[in-house]
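A short write-up of the structure that comes next.
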Number of protein chains: 2
Amino acid sequence: MTPRLRDANAPARRAQRARWQSSVLAALKRDDHFRSAQQLHLDLHTTFATSIALTTVYRILRRLTTQQIVETQRAENDELLYRIRDDSGHHHYLLCRTCGRAERFAVEPFERRIDSFASAHGYADIDHRIDIYGTCAECHAGSSRPTKT
Amino acid sequence: MTPRLRDANAPARRAQRARWQSSVLAALKRDDHFRSAQQLHLDLHTTFATSIALTTVYRILRRLTTQQIVETQRAENDELLYRIRDDSGHHHYLLCRTCGRAERFAVEPFERRIDSFASAHGYADIDHRIDIYGTCAECHAGSSRPTKT
DNA sequence: TTTGGTGCAAAACCTTTGCATTAGG
DNA sequence: CCTAATGCAAAGGTTTTGCACCAAA
């Protein structure tokens, strides 16, 4: 009874591995903004009419992050935000605290200064966190009207 | 009967205002390293033999921060760290993730770049987070011995 | 008495985890 | 049958908050 080849099943298994993963990816692919797990969970319920559990959203996002399919960014309130990764490498962003829109910000020269400063002071295992937060033009226009003019 | 001047009482009231505040300040003043509220609470119990509650430590630290007497810094694991403020103004530090030692790191030119970049992109209410973490020479020397030599 | 500092327990909040259930091959 | 995904509830960890109590003036 020639058992089905294990290797041949692999793609199928992978495709089926996470029933919800494709939905999460679809929600992420709506745009390139950073979103929290909870926002995604909400989107999946409303826009995508799925009944996925929040826990599963977290699990799938963690797996996708490990696989470098999504990248994460910390929000001002320390939540983790996720978005589809467009290329490889680690970047720093100017992030809209309202809509999650992100503008890549070059920091290489500054990072070099950090490293030389750190080694000059005898520090090892240097790591850094550079996050810029603001309100993008679109979000600012929408909310900066205390009363109707 | 010239009632005591209310203003004259102010210092006394202030001194008494927080029974534990002086202890917390004493614990902070042991050195200029950044410490978490929980570390301070532990110190107060052990070294200072006080029985202050953790909640109160948090409350006092929050008040001192508001009064600009202490400054805060976020640890790599997002805990809030506190230390006595030596001068006014906001600074960024290279922080030892083991002992809380901090080296001030000048970032003004970089901050200017951030602001111009942000306004060029139409973002408002810009804020940023620049934190550098490492292991200082002393801590590195102490812990980088997997087994006794 | 009045004000407000204090302690304890519980809540808040995001994220992870334990465990039993279920889906799919 | 067997593996792995899933859902639910609960835990984890830091910081805050509600509430009763107590201390000082």
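Below, each value reflects all heavy atoms present in this structure, side chains not excepted, and no hydrogens, waters or symmetry copies. No experiment lies behind these values; they were computed from the predicted model shown.
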Are the aromatic ring centres of A/Phe110 and B/Phe110 under 6.0 angstrom apart?
yes

Length of the line joining B/Ile60:CD1 and D/dT15:P, which is rounded to integer Å:
16 Å

Separation of D/dT15 atom P from B/Arg63 atom CZ, nearest Å, is 18 Å

Would you say the rings of A/Tyr133 and B/Tyr123 are close, in the sense that their centroids are separated by under 6.0 Å?
no

Nearest-angstrom distance from the residue atom NE2 of B/His41 to C1' of C/dC8:
12 Å

Audit row: A/Arg104, A/Asp86, side chain to side chain contact (heavy atoms under 4.5 Å, CB included) steps and yes/no:
CA-CA 12 Å; A/Arg104 187 174 303 172; A/Asp86 54 347; 3.3 Å; yes

Letter per nucleotide, 5' to 3', of nucleotides 9-19 of chain C [B base touched, S only sugar-phosphate touched, - untouched; heavy atoms, 4.0 Å]
B----SBBBB-

Side-chain donor-acceptor pair under 3.5 Å between B/Tyr58 and B/Arg63, yes or no?
no

Provide, to the nearest angstrom, the distance between the CZ atom belonging to B/Arg19 and the C1' atom belonging to D/dC22.
7 Å

Please name the residue in the list B/Gln38, B/His45, B/Arg59 that meets the side-chain contact (heavy atoms from CB on, under 4.5 Å) test with B/Leu54.
B/Gln38

Have B/His128 and A/His92 got a donor and an acceptor in their side chains that come within less than 3.5 Å?
no

Could you check how far CD1 of A/Ile52 sits from C1' of D/dG7, rounded to whole Å?
11 Å

